[in-house]
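Remarks on the structure that follows.
Residues: numbered from 1 along the sequence shown.
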Amino acid sequence: MKKPLPEEIGVSVTGRGDAVTYGPERKKEPAPEPGLPLLVFGAAGRTGRCLVEQALAAGHRVTAFARDTRALPPAHARLRHLQGRVEDASAVDDAVKNHHAVLCALGPTGRKDAEAIARGTENIVAAMQRHQVWRLIYVPFHEQGDGWGPAALFDKLMARFRPRTNTHGWQQRVAVIRESSLEWVIVRPTRLTDAAASGRHQVSIDQGKVPLRIARADVAAFMLEQLRSPRYVRKSPVIGG
């Protein structure tokens with residue numbers, strides 16, 4: 001596999017800011033039309049539903065991929081329900097075709113889901129590279145359930161001293177993304193809540209302090225901002241609000 005590209009010097013920011021980071025050079029393409037064809041994995045989850053609803057409100061055309069389509073947002077003229085499992089490489093490959101970008105908010109609902117998500121992440125990355133769908137906005141769930149605050153940082157630092165008993169942990173899941181040729185953004189929220197969107201967030205890419213919780217709706221809004229922005233391409237911002 002290719003070695004991951006080194007991340008640039010980090011800065012801590014609030015809101016959108018001005019700095020930009022560009023991904024790999026590609027042939028210049030025409031500006032995309034206002035409504036983009038988007039594919040959402042994990043669309044039946046609480047964060048995924050926020051993504052679908054906000055994407056539709058912004059005028060995008062959305063394919064919502066889930067194991068159980070009964071849990072998806074209701075029918076909409078620009079929404080397509082697609083039933084499947086991310087560990088099914090063929091289903092993922094068919095889903096990725098003809099989309100501008102992929103947003104992924106997969107989360108566990110059972111003990112064996114970590115393995116399925118790990119395999120599904122590999123399938124998503126492979127399908128995107130095969131079909132040249134370059135932009136991936138990915139939220140990795142954290143096994144401890146506390147989000148990406150100080151506890152997650154401590155867990156990451158201590159991981160090197162522990163035996164590797166879990167081969168499907170978050171570090172292994174994001175490694176396949178980092179080593180890919182995609183224009184990825186790995187969004188790491190602090191503790192997620194179901195509160196109403198505040199419209200505010202703080203972002204850090206250099207381990208700076210951010211609020212220790214954030215509404216799922218605000219995370220979804222931040223993810224959608226990354227569809228066209230080059231600012232956090234090939235970065236892993238921590239977000240709190």
Just so I know, are the side chains of [X] and [Y] near enough to count as touching, which here means a heavy-atom distance under 4.5 Å?
X	Y	answer
Val185	Pro237	yes
Val86	Leu106	yes
Pro211	His201	no
Glu115	Ile117	no
Val203	Val210	no
Arg188	Ile186	yes
Val62	Leu51	no

Do any pairs count as a ring pair (Phe, Tyr, Trp, His ring centres under 6.0 Å) and have a residue in residues 51-88, sequence neighbours left out, and if so which ones? Phe41-Phe65
Give a yes or no on whether the backbone of [Y] and the side-chain of [X] come within a donor-acceptor separation of less than 3.5 Å.
X	Y	result
Thr63	Arg80	no
Ser180	Ile177	yes
Gln202	Ile239	no
Arg61	Leu36	no

[X]: side-chain contact (heavy atoms from CB on, under 4.5 Å) partners, not counting sequence neighbours:
X	answer
Ala195	Thr193, Ala215
Ala217	Cys50, Gln54, Ala197
Arg200	Ser198

Val102/Ile137 under side-chain contact (heavy atoms from CB on, under 4.5 Å): CA gap, chis, key distance, verdict: CA-CA 6 Å; Val102 173; Ile137 317 300; over 6 Å; no
Once you round to the nearest 0.5 Å, how far does [atom1] of [X] lie from [atom2] of [Y]?
X	Y	atom1	atom2	result
Leu136	Cys104	CG	SG	6.5 Å
Leu224	Ser229	CG	OG	12.5 Å
Met223	Tyr232	CE	OH	14.5 Å

Verify same cluster id: [X], [Y] (apolar side-chain graph, 4.5 Å):
X	Y	value
Ile205	Ile214	yes
Leu38	Leu72	no
Leu227	Phe222	yes

Closest non-hydrogen atom pair between [X] and [Y], with its separation:
X	Y	answer
Leu39	Ala95	CD2-O, 3.5 Å
Ser204	Asp206	OG-OD1, 3.2 Å
Asp68	Ala44	O-CB, 4.2 Å
Leu79	Pro73	CD2-O, 3.8 Å

Sequence neighbours left out, what pairs pass side chain to side chain donor-acceptor pair (under 3.5 Å) with at least one residue falling in residues 85-94?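 Qualifying pairs: Asp93-Arg130, Asp93-His131.
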Glu122: which residues meet the salt bridge (Lys or Arg N to Asp or Glu O under 4.0 Å) condition with it, sequence neighbours left out?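 Not a single residue meets the salt bridge (Lys or Arg N to Asp or Glu O under 4.0 Å) criterion with Glu122.
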Go through it in stages, so that I can follow the logic: the residues are Thr121 and Asn123, the test is side chain to side chain donor-acceptor pair (under 3.5 Å), and I'd like the CA-CA distance, side-chain angles, deciding distance and then a yes or no. CA-CA 5 Å; Thr121 300; Asn123 291 338; over 6 Å; no
With Thr69, which residues qualify under side-chain hydrogen bond (donor to acceptor under 3.5 Å, both in side chains), at least two apart? none
In chain order, what residues pass the side-chain hydrogen bond (donor to acceptor under 3.5 Å, both in side chains) check against Gln83, with sequence neighbours excluded?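 Not a single residue meets the side-chain hydrogen bond (donor to acceptor under 3.5 Å, both in side chains) criterion with Gln83.
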Pairs in or reaching into residues 211-223: which pass salt bridge (Lys or Arg N to Asp or Glu O under 4.0 Å), with residues at least two apart or in two chains?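 Output for this query lists Asp194-Arg216.
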Which of these, Met128, His100, Glu183, sits in a side chain to side chain contact (heavy atoms under 4.5 Å, CB included) with Arg135?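 Per the side chain to side chain contact (heavy atoms under 4.5 Å, CB included) rule, the option paired with Arg135 is Glu183, out of Met128, His100, Glu183.
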